[in-house]
Amino acid sequence: MHIDSRKASTRRAATGPRRLAVLASGLALATTALAAVAPGASAARTGAEDPAARSTGSTAAGTTRSGAAGGHCARQGRIAVPGAEKQVVACLDDLTTAGTSLSGHTDPADWAGLHPAGAVNPKGVPGIQVDGYFPDTSATNTNHGWNHDSQFVLRLPDVWNGGLVVAGTPGNREQYANDFVISDWALARGYAYAVTDKGNTGTAFYKDGRRPGDAIAEWNRRVTEIAVAAKAVVRQRYGRLPGRTYAAGISNGGYLVRWQLENRPELYDGGIDWEGTLWRVRGDNLINFLPPALRAYPEGDAQAMYDAGFARGSEFLWPFHHQYYWDLTQRIYREELDPGFDGDAEAGTPYCAPGTPACDADYDYDARKPYRALRKIALTGRIGKPLITIQGTLDTLLPISRTGDVYAGMVGDRRPFRYYRITDGTHTDGLYASYPDRLRPMLPCFRSAFEAMEGWVERRQSPPPSATLPRPAGGDLVNECQLGM
């Protein structure tokens, strides 16, 4: 991408290694993890920085299979991803994280902290994986030693149900971030799966793009790009186009689901949005509700926190979010959308005191009016295909009253939409292990929402009405969630 002429020395594509053990499932990458990266993460990468080192047609165990028509990895020789600058095709005995963590076809650091401890995932799904990238000039994504953005992953199970799931990544993570929470489950149900890194990654993502808002706008273009390409690859592999295509994503990935259904509905049959980020030109967005939190929390002003939209009952989560999320998130997204606020500085001053010149705690969105940048990425609520949104009532990065509730109002009751507010859910399921008596995992509710979408689209079964779902008195909260009352 090109350089913003106003900050030519800083808005260039960031390069260099970035292998952080991260918790953040939302908008910013925390620099300290809640929990260590899963055992074996480093070993999974050793000797597999470039999947090209593994010859096309080899399984994870290293044996060769020809892949007869309809058999294991059939037609893999026909795969050519439209528009890709690079692709590496591999035949694997297991496309789920149980197998790819060992073969080097995922990066556990990308998905660390995004799922609750104790989550049960399927495994043993053989098929084809395609890693590669589309043309791009930014280089924030260092996966495989490629130093190239717009990296993608396609997974094509041997046993296909006729469907396709398309996703963008949460936060500023790379292309493997959804592997545990979305890819594994979708593959086990027989879906082909496609994901993009959105065209830029990392906490300096804002350096990508010529003008304010360009880096985020690219995310939407890249999701469209992978959706179109994936449909063609599905046809190459299975002999026909997918009969149904669903968009799915978490946080920034949820925003991408919304944007696609508003602007590219012809590509999809429905979407599942897990706590999507809200961007509006006028009204609620994170760079107008985070500054009040940055002012109020250090002063111990709980009422100001509530006034900013943070839920009563979420107070125990405030210290963590202040330490890892609010400040960094505000600064990097404000830098993307309004870089002139702090002059020649880059992404402000961490934890600056209110009153300090160009302090993000004092940022006033309505006074600054970065409307031109917001118009590039803003949501309208005018979805063209069915959408199910879920969000936790204790989301303390994107408060539900300022995000999910608002978007539900934008969609209204005349469009195909369901909205489930999950009592005690928060933005990051990785926190559940620390507060099992106060939080509820979102992952099983996402899977239930996906099943409800399947019924809605494929069998014309209307999902349960939108509702606030109470916390169950018992049962397996990590793996079970019922949408109906």
Side-chain angles (χ1 to χ4, degrees), residues 7 10-11 14 18 20-34 113 170-173 201-207 212 215-216 251-252 255 275 277-279 284-302 304-311 314-368 370 373 394-399 402-403 426-428 430-431 434:
K7 289 195 176 184
T10 60
R11 285 182 70 87
R18 187 182 63 84
L20 303 177
V22 294
L23 171 65
S25 66
L27 300 166
L29 291 169
T31 55
T32 302
L34 177 69
N172 308 106
R173 295 188 183 217
T201 66
T203 54
F205 78 97
Y206 53 80
K207 294 182 179 181
I216 296 177
S251 193
N252 277 342
Y255 157 73
E275 65 194 21
T277 311
L278 180 62
W279 293 111
D284 297 276
N285 63 64
L286 68 89
I287 61 174
N288 67 14
F289 61 68
L290 286 182
L294 294 175
R295 295 192 298 271
Y297 176 76
E299 296 297 322
D301 189 345
M305 293 290 293
Y306 305 144
D307 292 344
F310 294 87
S314 69
E315 295 87 353
F316 68 100
L317 296 170
W318 294 354
F320 177 85
H321 285 77
H322 179 259
Q323 183 175 0
Y324 294 114
Y325 279 114
W326 296 335
D327 178 77
L328 178 62
T329 300
Q330 166 64 27
R331 289 186 293 103
I332 64 177
Y333 284 86
R334 191 273 307 153
E335 182 70 18
E336 160 66 0
L337 298 165
D338 189 2
F341 172 73
D342 57 357
D344 292 334
E346 184 178 305
T349 302
Y351 299 101
C352 56
T356 303
C359 179
D360 273 277
D362 293 324
Y363 185 74
D364 187 337
Y365 176 86
D366 294 324
R368 293 289 302 177
L394 297 185
D395 193 323
T396 311
L397 176 58
L398 304 178
R402 303 293 298 272
T403 52
T426 194
H427 200 79
T428 306
L431 287 169
S434 298

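Everything quoted here is computed from the prediction, not taken from an experiment.
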Do [X] and [Y] come close enough that some side-chain heavy atom pair is under 4.5 Å?
| X | Y | answer |
| --- | --- | --- |
| Tyr333 | Phe205 | yes |
| Asp342 | Glu335 | yes |
| Met305 | Glu315 | no |
| Thr349 | Thr356 | no |
| Asp366 | Asp364 | yes |
| Leu337 | Tyr206 | no |

For His321, which of Asp327, Asp395, Leu290, Leu431 qualifies under side chain to side chain contact (heavy atoms under 4.5 Å, CB included)? Leu431
Tell me which one of Thr403, Ile216, Leu398 satisfies side chain to side chain contact (heavy atoms under 4.5 Å, CB included) with Tyr255. Ile216
If you apply the rule side-chain contact (heavy atoms from CB on, under 4.5 Å), what do you find for Asp338 with Ile287, and how did you get there? CA-CA 10 Å; Asp338 189 2; Ile287 61 174; 5.7 Å; no
What heavy-atom pair brings [X] and [Y] nearest, and what distance separates the two atoms?
| X | Y | value |
| --- | --- | --- |
| Phe289 | Pro399 | CE1-CD, 3.4 Å |
| Ala308 | Arg402 | O-NH1, 2.7 Å |
| Ala304 | Ala296 | CB-CB, 3.6 Å |
| Ala293 | Pro298 | O-CD, 4.0 Å |
| Cys359 | Ala353 | SG-O, 3.5 Å |
| Leu286 | Gln330 | O-OE1, 3.8 Å |

Can any side-chain N or O of Ser251 pair as donor or acceptor with the backbone N or O of Gly171 at less than 3.5 Å?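 No, the answer is negative, given that no donor and acceptor are paired below the 3.5 Å cut-off.
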Would you give the length of the straight line joining atom [atom1] of [X] to atom [atom2] of [Y], rounded to the nearest 0.5 angstrom?
| X | Y | atom1 | atom2 | value |
| --- | --- | --- | --- | --- |
| Leu294 | Thr329 | CG | OG1 | 9.5 Å |
| Thr277 | Asn252 | OG1 | CG | 4.0 Å |
| Thr428 | Glu275 | OG1 | CD | 7.0 Å |

Where does the angle between the aromatic ring planes of [X] and [Y] fall among parallel (under 30°), tilted (30 to 60°) and perpendicular (over 60°)?
| X | Y | value |
| --- | --- | --- |
| Phe310 | Trp318 | perpendicular |
| Tyr324 | Phe320 | tilted |
| Tyr363 | Phe341 | perpendicular |

Full working for side-chain contact (heavy atoms from CB on, under 4.5 Å) between Tyr351 and His322: CA-CA 9 Å; Tyr351 299 101; His322 179 259; 3.9 Å; yes
With a 4.0 Å cut-off on N to O distance, would you call Arg331 and Asp360 a salt bridge? no
